[in-house]
Amino acid sequence: MKLNKIITTAGLSLGLTLPSLAMAAPTTFVHLFEWNWQDIAQECEQFLGPKGYAAVQVSPPNEHITGNQWWTRYQPVSYQLQSRGGNRTQFIDMVNRCNSAGVDIYVDTLINHMAAGNGTGTDGNNFGNKQYPIYSPQDFHQSCSINPEDYGNNRYRVQHCELVGLADLNTASTYVQNTLAAYINDLQALGVKGFRFDAAKHVAASDIQSLMAKINGSPVVFQEVIDQGGEAVTASEYLAAGLVTEFKYSTELGNTFRNGSLAWLSNFGEGWGFMPSASAVVFVDNHDNQRGHGGAGNVITFEDGRLYDLANVFMLAYPYGYPKVMSSYDFHGDTDAGGPSVPVHNNGNLECFASKWKCEHRWSYIAGGVDFRNNTADNWAVTNWWDNTNNQIAFGRGSSGHVAINKEDSTLNATVQTDMAPGQYCNVLKGELANDATSCTGEVITVNANGTINLNVAAWDAMAIHKNAKITPPNPESDWQRTVVFISAQTQSGQDMFIRGGIDHVYANTNLGRNCQTSNFECAMPIRHNNLKNATTSPWKANDNYLDWYGVESGQSSEAQGTAMDWTTNIWPSEYGAQKTVDNDGFGVTALNIWGEHYWMLDVDMDCSKAVNGWFELKAFIKNGQEWEGDINQADTPYASTNHMAQCGKINMFEFNSSSVEVRDF
């Protein structure tokens with residue numbers, strides 16, 4: 001396993017097949033509506049990153065009019081980052097922390113208008129009579145109102161008159177485009193990865209294309225275009241500039257789940273006249289239509305309970321569009337009400353699930369649906385569709401996954417064909433696969449030897465399984481032995497050493513009959529850490545169950561670069577202060593180190609049954625220092641490798657960037 005293979009595979013997780021080794025590529029984003037920046041940062045670290053969400057859509061971060069209503073955020077006064085969500089420093093902290101957790105930030109961006117009336121904004125700027133810190137009256141269209149009938153027959157008024165009295169920017173103006181582009185480019189410089197263009201239908205598509213030409217790079221852009229048919233301005237006009245919201249998806253899905261038959265959904269998407277899947281942003285509901293605004297219809301929301309669960313399971317399981325999960329708050333029927341007065345993360349209490357924040361993205365059926373979508377993206381087609389001609393359906397995603405939804409009052413009992421490998425799987429809507437993949441915290445679904453499932457889905461319930469949620473029975477031939485690795489490297493304060501390793505994929509496939517391309521578990525070395533006393537490295541060792549080639553495992557700290565090691569020495573100079581020992585402190589002096597200072601140690605129990613005649617590979621990485629060591633040419637190894645090779649059940653000593661090795665018995 002060469003170093004360049006390690007780096008490449010660490011960055012490309014799609015297709016890796018054991019959840020405890022690597023997460024599948026994220027495919028779904030979430031709108032944390034009205035959350036503040038601190039809450040979002042904490043949610044990225046504690047839930048969104050570990051659960052595989054791709055990104056967060058945040059409320060507009062710029063200065064806006066004062067007031068408690070949610071829509072005050074949509075009346076901009078300036079592009080200063082001072083809003084109800086927090087200030088610029090807090091915004092930057094959120095972006096950095098979310099990016100570190102593997103979660104992108106998408107900013108809700110107001111390109112059509114500025115605030116109505118006059119007053120003072122959240123950053124203290126005055127406005128009025130189309131005069132703002134960044135715009136003057138000449139930067140706006142002449143005032144006129146959009147009449148209800150205009151949407152069907154008057155493109156000019158829709159795109160040149162004032163939406164609910166908001167000062168309508170002349171987006172054809174070079175100055176306006178340059179000002180908007182400067183704001184968007186500033187956000188990109190801070191690490192923002194995407195933008196939602198609010199009210200895009202009210203801006204000519206040609207103006208948006210001109211704006212995009214002034215924007216740096218290639219951020220994710222999706223445009224709010226409400227087009228239910230019969231509109232003077234159509235969604236298709238905007239496809240060239242980026243993704244577009246497919247509002248017909250929300251209303252048609254809602255109408256089907258409320259009033260129709262799920263059996264109708266077998267060709268949902270383009271077959272229903274929707275835009276191409278690759279261009280569509282889809283959702284069960286959004287912040288507008290859940291309040292009866294903006295293309296509302298038979299929209300399903302959090303207030304519908306299990307019906308909302310099932311609709312989201314379908315959206316996340318069915319291969320169409322880029323799905324957005326809505327995360328709301330209870331507005332108690334007041335469609336103007338802003339968010340709750342308490343933070344989501346409230347002094348250690350999570351203010352979700354009651355009458356405040358709803359946190360739908362945490363609901364097990366929705367978070368499990370995201371997991372299903374992430375792990376079936378490689379099979380972008382519906383297979384083995386089954387229905388009872390009414391409201392019981394099942395379908396597959398090839399060999400990658402299978403789902404069943406029962407929206408009836410009686411149990412779904414049917415035998416359905418799948419393309420899944422035989423075995424037992426975790427229903428990811430109700431539980432999670434254990435880190436060692438030997439058990440599930442919830443319901444287990446069996447795929448029979450002929451690929452069928454004998455479905456037994458309760459009324460108003462669902463199941464979803466995927467290839468990476470397959471349960472691996474414990475190996476009765478496991479051979480757990482204490483194994484220690486030392487690597488000598490001169491390091492400085494603030495530097496830490498990690499290793500990655502296992503068995504070379506090509507060698508294992510060719511000589512051992514292991515299919516490591518299908519299941520990287522086959523080439524990983526199961527481990528149990530013996531030293532958990534080091535306050536620095538212990539958090540990195542949590543949920544680190546394999547010495548593998550892929551870096552961070554599911555549930556492992558994003559700060560880890562693989563499997564963490566601990567600094568040791570055989571002497572403790574007096575100038576270091578009070579002596580530290582591995583036995584008491586997790587680092588420092590240990591009797592196992594007979595060589596000197598700066599010998600980094602891994603002390604684990606390892607399943608030697610996975611080794612090659614007792615041997616396994618490893619390579620070291622110094623964080624905040626030299627990073628990866630170079631190729632190694634160690635003698636007398638069981639097969640050719642450019643990495644160190646250690647013996648399982650022994651004490652192994654290597655030197656960083658050196659081919660030397662010393663192996664001792666305990």
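Please read these numbers as outputs of a predicted model, since none were measured by experiment.
- Under the 30°/60° scheme for interplanar angles, the aromatic rings of Phe395 and Trp385 are found to lie parallel.
- Taking CZ from Arg664 and CD from Gln647, the interatomic distance works out to 13.0 Å, rounded to the nearest 0.5 Å.
- Of all heavy-atom pairs between His598 and Gln490, the closest is NE2-NE2, 3.2 Å.
- Side-chain atoms of Ser488 do not come within 3.5 Å of backbone N or O of Glu655 as any donor-acceptor pair.
- Summarising the geometry of Trp380 relative to Tyr320, their closest heavy-atom pair is CZ2-N, 3.6 Å, with the distance given to 0.1 Å.
- A side-chain donor-acceptor contact under 3.5 Å links Gln495 to the backbone of Asn624.
- Using cut-offs of 30° and 60° for the angle between ring planes, the Trp567 and Tyr576 rings count as tilted.
- Residues Glu443 and Cys440 approach most closely at O-SG, 3.7 Å, considering heavy atoms.
- Salt-bridge annotation for Glu629 and Lys619: absent, with no side-chain N of the basic residue lying under 4.0 Å from a carboxylate O of the acidic one.
- Between the CG atom in Asn613 and the SG atom in Cys648 there is a gap of 12.0 Å [rounded to 0.5 Å].
- A 4.5 Å side-chain heavy-atom check between Ile445 and Gln424 finds every atom pair outside the cut-off.
- At least one side-chain heavy atom of Phe29 sits less than 4.5 Å from a side-chain heavy atom of Phe222.
- Partner Met497 forms a side-chain contact (heavy atoms from CB on, under 4.5 Å) with one of Leu602, Thr537, Ile622 and no other, that one being Ile622.
- Remark: side-chain polar atoms of Ser364 are not paired, donor with acceptor, to backbone N or O of Lys430 under 3.5 angstrom.
- The shortest distance between side-chain heavy atoms of Thr563 and Phe498 does not fall below 4.5 Å.
- Distance CD/Glu522 to OG1/Thr472: 8.0 Å, rounded to 0.5 Å.
- Annotation: the span from Leu190 atom CG to Asp93 atom CG amounts to 12.0 Å, rounded to 0.5 Å.
- In this structure, Asn570 and Asn593 approach most closely via the heavy-atom pair CB-O, 3.1 Å.
- The side-chain heavy atoms of Asn531 and Val582, taken from C-beta on, include a pair separated by under 4.5 Å.
- A side-chain donor from one of Glu43 and His345 sits under 3.5 Å from a side-chain acceptor of the other.
- With hydrogens and angles ignored, the 3.5 Å screen pairs no side-chain donor or acceptor of Asn312 with any backbone N or O of Met315.
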Residue pair Asn450, Thr452: steps toward the side chain to side chain donor-acceptor pair (under 3.5 Å) verdict:
CA-CA 6 Å; Asn450 62 357; Thr452 61; 2.7 Å; yes
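- Using a cutoff of 4.0 Å between basic side-chain nitrogens and carboxylate oxygens, Asp566 and Lys541 are scored as salt-bridged.
- One finds no salt bridge joining Arg500 and Asp548 here, because no Lys/Arg side-chain nitrogen approaches an Asp/Glu carboxylate oxygen to under 4.0 Å.
- Ring pair Trp572/Phe587 is tilted by interplanar angle, where 30° to 60° counts as tilted.
- Below 30°, between 30° and 60°, or above 60°: for Tyr53 and Phe47 the angle between ring planes is between 30° and 60°, a tilted geometry.
- There is a side-chain donor-acceptor pair under 3.5 Å between Asn379 and Ser400.
- Asn384 and His402 form no side-chain donor-acceptor contact under 3.5 Å, judged by distance and modelled atom types alone.
- Of the possible polar contacts, one joining the Thr383 side chain to the Gly398 backbone as a donor-acceptor pair under 3.5 Å is found.
- Residues Trp595 and Glu662 have side chains that bring a donor and an acceptor to within less than 3.5 angstrom of each other.
- A donor-acceptor pair is defined here as one N or O able to donate and one able to accept, closer than 3.5 Å; no such pair exists between the side chain of Arg482 and the backbone of Asp605.
- The existence of a salt bridge linking Asp378 and Lys467 is confirmed by a sub-4.0 Å separation between a basic side-chain nitrogen and an acidic carboxylate oxygen.
- Side-chain polar atoms of Ser659 and Gln634 form no donor-acceptor pair below 3.5 angstrom.
- Here the side chains of His466 and Val428 are in contact, with some heavy-atom distance below 4.5 Å.
- Note that CG of Asp371 is 9.0 Å distant from OG1 of Thr376, once rounded to the nearest 0.5 Å.
- Under the 4.5 Å side-chain criterion, counting only non-hydrogen atoms from C-beta, Lys533 is not in contact with Ser538.
- The closest donor-acceptor contact from the side chain of Asn468 to the backbone of Asn375 lies at 3.5 Å or more, if one exists at all.
- Stacking of Lys623 on the aromatic ring of Trp540 is recorded, both the 6.0 Å distance cut-off and the 45° axial limit being met.
- Residues Tyr599 and Ile487 fail the side-chain proximity criterion, which asks for heavy atoms closer than 4.5 Å.
- Residues Val313 and Ala462 approach most closely at CG1-CB, 4.4 Å, considering heavy atoms.
- Distance alone, capped at 3.5 Å, is enough to place a donor-acceptor pair between the Thr581 side chain and the Asn584 backbone.
- Closest approach of Asp479 and Asp607 over heavy atoms only: N-OD1, 2.9 Å.
- Proximity of a side-chain donor or acceptor of Arg373 to a complementary backbone N or O of Leu316 within less than 3.5 Å is detected.
- In this structure a side-chain-to-backbone donor-acceptor pair under 3.5 Å is present from Glu553 to Asn545.
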Assess whether side chain to side chain donor-acceptor pair (under 3.5 Å) is satisfied between Asp603 and His529, documenting all intermediate values.
CA-CA 6 Å; Asp603 183 358; His529 284 276; over 6 Å; no
After noting the C-alpha distance and the side-chain angles of Thr446 and Ile453, does the key distance pass the side-chain contact (heavy atoms from CB on, under 4.5 Å) rule?
CA-CA 6 Å; Thr446 299; Ile453 300 177; over 6 Å; no
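- Between Asp504 and Tyr639, the closest side-chain pair of non-hydrogen atoms falls below 4.5 Å.
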